[in-house]
Engineer: 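Have a look at this one.
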There are 2 protein chains.
Amino acid sequence: MTAPRIVVDVENGVAPWRQVRDQLVRLISGGVLPVGARLPTIRQLAADLGLAAGTVARAYRELEVEGVLTTGRRQGTVVAALPSHAPDPLSAAAAEFVAVARSLGASEGEALNAVRAHYLGE
Amino acid sequence: MTAPRIVVDVENGVAPWRQVRDQLVRLISGGVLPVGARLPTIRQLAADLGLAAGTVARAYRELEVEGVLTTGRRQGTVVAALPSHAPDPLSAAAAEFVAVARSLGASEGEALNAVRAHYLGE
DNA sequence: GTTATTGTGTCGAGGTCTTGATACAAAACC
DNA sequence: GGTTTTGTATCAAGACCTCGACACAATAAC
């Protein structure tokens, strides 16, 4: 498999492991990395991203604890399930959107209109 | 003014200053903290959040560099302008949500229902 | 059984961040 | 002018993270 598209910005105040973890979650939730897909080895991804292997291992381990990934000594790391906090990625995305909309003080109607505008705009 | 609603989670891999900064951006973009509004003093917000003053100062300084805030020795820190990167945060959030929904193959109706469910869930 | 693959664990070094405290300076207020 | 308010700067200590390297262990392949 080709290396997933992950980018790490070391100056943005977000820990490298967290960035890797977050972007893996997106790739998995979005179907780019489907269940059953094999991730690059820790050493490979670390080399690709210019990180230490332990840092990538941290990200993988976070997702393993969540049940998103499974790891094996020979077969490496494989996508096991969609993120458990988001068994339904659409619902998860909506939850995040609604959280943002709420913090912006938007009403339900305003949030719905914003979504409609983007579906129509396409 | 009352203290803005800011929460800091020290274990999520995102630096405290970054969390403060991000949440201030949301409050400002959403109009909760309108242009001209005065923010709590660095010491006050630090005490409220259980952080060191220097950490809050870092967040304020980041936003000052971006022109979002202006600071003065006596009048404190004031909202100067909306974040230039997000002129319309609700629309941006909706765009992101729709992009994810689309990648999941969701129809407009499904996306709207997902949003409604989270607003009703409260 | 041997070899290769891959994750886990450990190590010491270095760097960064955060803390709490303090001092100073600028500005506003009285 | 004196006082108060508030941001900036500095400090040392502590905590934590990341690095690169290495060793070990588990597993699969041959």
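Hydrogens, waters and symmetry mates are skipped; everything else that's a heavy atom, side chains included, is used. Just so it is clear: chains get the letters A, B, ... in the order the sequence lines come, proteins before strands, and each one is counted from 1. Note that this is a predicted model, so its numbers are computed, not measured.
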Engineer: Hey, does B/Gln23 have a side-chain heavy atom less than 4.5 Å from the side chain of B/Arg26?
Structural biologist: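 The answer is no, as the side chains (C-beta and beyond) never meet within the 4.5 Å cut-off.
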Engineer: Can you measure A/Arg18 atom CZ to D/dT18 atom P for me and round it to whole angstrom units?
Structural biologist: 13 Å
Engineer: Counting any heavy atom closer than 4.0 Å, what does B/Gly13 reach on the DNA or RNA strands: base, sugar-phosphate only, or nothing?
Structural biologist: nothing
Engineer: Is there any ring pair (Phe, Tyr, Trp, His ring centres under 6.0 Å) pair reaching into residues 34-57 of chain A, and which pairs are they, with sequence neighbours excluded?
Structural biologist: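 Those involving residues 34-57 of chain A do not exist here.
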Engineer: Students should find this one: the first and last nucleotides of DNA chain C, 5' to 3', lying under 4.0 Å from a heavy atom of chain A. What are they?
Structural biologist: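 Result: C/dA4 to C/dT8.
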Engineer: Does one hydrophobic cluster hold both A/Leu69 and A/Leu27, with members joined at side-chain heavy-atom distances below 4.5 Å?
Structural biologist: yes
Engineer: Nearest-Å distance, CD (A/Gln19) to C1' (D/dT18)?
Structural biologist: 13 Å
Engineer: With a 4.5 Å limit on heavy-atom distance, are the side chains of B/Val35 and B/Val78 in contact?
Structural biologist: no
Engineer: Is the closest side-chain heavy-atom distance between B/Asn12 and B/Gln19 below 4.5 Å?
Structural biologist: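 When only atoms from C-beta onward are counted, B/Gln19 and B/Asn12 do touch, with a gap below 4.5 Å.
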Engineer: Side chains of B/Val25 and B/Val68: closer than 4.5 Å at any heavy-atom pair?
Structural biologist: no
Engineer: Tell me the bend of the helix from C/dG1-D/dC30 to C/dC30-D/dG1 as the angle between end helix axes, each from five pairs, rounded to the nearest 10 degrees.
Structural biologist: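 End-to-end axis angle: 30°.
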Engineer: Please encode protein proximity along nucleotides 1-14 of chain D as a string of B, S and -, counting only heavy-atom distances under 4.0 Å.
Structural biologist: ---BBBBB------
Engineer: Please confirm whether the backbone N or O of A/Arg21 pairs with a side-chain atom of A/Glu62, one donor and one acceptor, at under 3.5 Å?
Structural biologist: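 Not at all, since once roles are kept as given, no pair shorter than 3.5 Å links the two residues.
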Engineer: Considering residues at least two apart in sequence or located in another chain, which fulfil the side chain to side chain contact (heavy atoms under 4.5 Å, CB included) criterion with A/Thr55?
Structural biologist: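 Applying side chain to side chain contact (heavy atoms under 4.5 Å, CB included) to A/Thr55 gives A/Pro16, A/Trp17, A/Leu51, A/Ala52.
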Engineer: Please examine the side chains of B/Leu45 and B/Tyr60, heavy atoms only from C-beta on, and report whether any two atoms are closer than 4.5 Å.
Structural biologist: yes
Engineer: Got a sec, which pairs hit side-chain hydrogen bond (donor to acceptor under 3.5 Å, both in side chains) with one end in residues 68-82 of chain B, sequence neighbours left out?
Structural biologist: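 Every pair satisfying side-chain hydrogen bond (donor to acceptor under 3.5 Å, both in side chains) with a residue in residues 68-82 of chain B: B/Glu64-B/Thr71.
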